[in-house]
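Scope of the values below: all heavy atoms of this structure, side chains included, with no hydrogens, waters or symmetry mates. Along the sequence shown, the residues carry numbers beginning at 1. All ligand and atom numbering here is 1-based and tracks the order in the structure.
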Amino acid sequence: METATVIEALNAASARQRRCVLPWPAAGEVAPESTWWTSPELVSLVGTPAWQACDLAARRRLSFYEAAAFFSMNVHNERRLIAGARERRARTADPAVAAYLDHFAREEDEHSAMFGEFCQRYAGRLYPDRSVAFASDVAAAAGEEDFVFFARVLLFEEIVDAFNVAMARDVRLPEIVRAIHRCHHRDEARHLVFGREMVQRLWTAHAPAWPAATRRALGAHLRAFVAATGRELCSADAYRDAGLAEPRALRALAAASPAAAARLNLAVARSAAFFAELGLPLAAAGEVSS
Ligand SMILES: [Fe+2]
Ligand SMILES: [Fe+2]
């Protein structure tokens with residue numbers, strides 16, 4: 001299918017999409033220790049001695065604060081996606097892309113409102129932005145800045161979507177948590193198609209003119225971005241709120257664990273295959289700890 005046709009189909013699908021209606025329980029009904037809030041296999045401490053040392057109540061409490069940390073991470077990243085989408089919307093010459101960037105920004109706004117509402121209602125706050133700013137010196141060649149933007153959007157959304165898909169169908173989680181993951185996945189399935197189209201289009205237009213050193217730098221940049229996203233999934237704020245001692249040391253322990261690398265590699269697998277075909281191999285196991 002031609003790129004324009006794919007994007008026009010996405011525009012039509014976004015225009016048809018209704019907003020999610022979510023079953024928010026009253027804050028008084030939400031008890032962190034009463035159930036799982038993150039699938040236990042996906043909690044960042046799994047695979048470390050610290051997880052072994054936690055009893056069931058402590059594990060469930062951590063799963064609650066990790067849900068709030070995961071949703072907060074999404075809010076902060078979506079703010080950057082919206083700004084980048086609006087900036088590119090203002091200068092694109094392609095009306096289908098412009099229309100989709102409008103849908104994209106609006107849908108990300110809705111996601112942030114949904115994630116933020118969970119955090120404010122039940123955790124009492126949004127966790128601070130812990131992402132690491134990356135130098136912009138990769139954007140030296142023509143088309144490179146846009147390529148990096150859309151490649152990073154694609155990678156982040158792919159990682160988040162893997163968690164969304166797994167938790168939307170996990171019957172151990174409360175309906176509100178499953179509904180948030182389900183609602184996010186519904187829109188992100190379209191964003192992922194758009195992201196692949198844009199990355200492919202920019203690669204085809206610009207990569208032939210990029211020297212080998214530029215391609216190597218791009219590969220290294222994207223590998224570093226994946227690793228940094230993996231570290232963001234390990235939240236010292238969540239450990240602290242869950243009552244665990246030495247949260248910063250725990251974060252280092254969790255981020256360096258082979259289990260965290262395995263979870264990240266699984267989450268990024270589809271994109272890894274996509275980028276490998278372009279000629280940009282992504283993270284190997286273990287890089288999450290760098
Ligand atoms: Fe989103
Ligand atoms: Fe998205």
| field | Side chains of S112 and E78, donor plus acceptor under 3.5 Å | value | yes
| said: Under a plain distance cut-off of 3.5 Å, with no hydrogens placed, do D94 and T92 share a side-chain donor-acceptor pair? | reply: no
| request: For a side chain to side chain donor-acceptor pair (under 3.5 Å) with S131, tell me which candidate from R80, H76, R231 qualifies. | output: R80
| said: What protein N/O/S atoms are there under 2.8 Å from the Fe ion (ligand 2), waters excluded? | reply: E108 OE2, E157 OE2, E188 OE1, E188 OE2, H191 ND1
| query | Just wondering, are more than 12 heavy atoms of other shown residues or ligands nearer than 6.0 Å to CD in Q120? | reply | yes
| Heavy-atom neighbours of R248 CZ exceed 12 at 6.0 Å | no
| field | Aromatic centroids of F104 and H191 separated by under 6.0 Å | value | yes
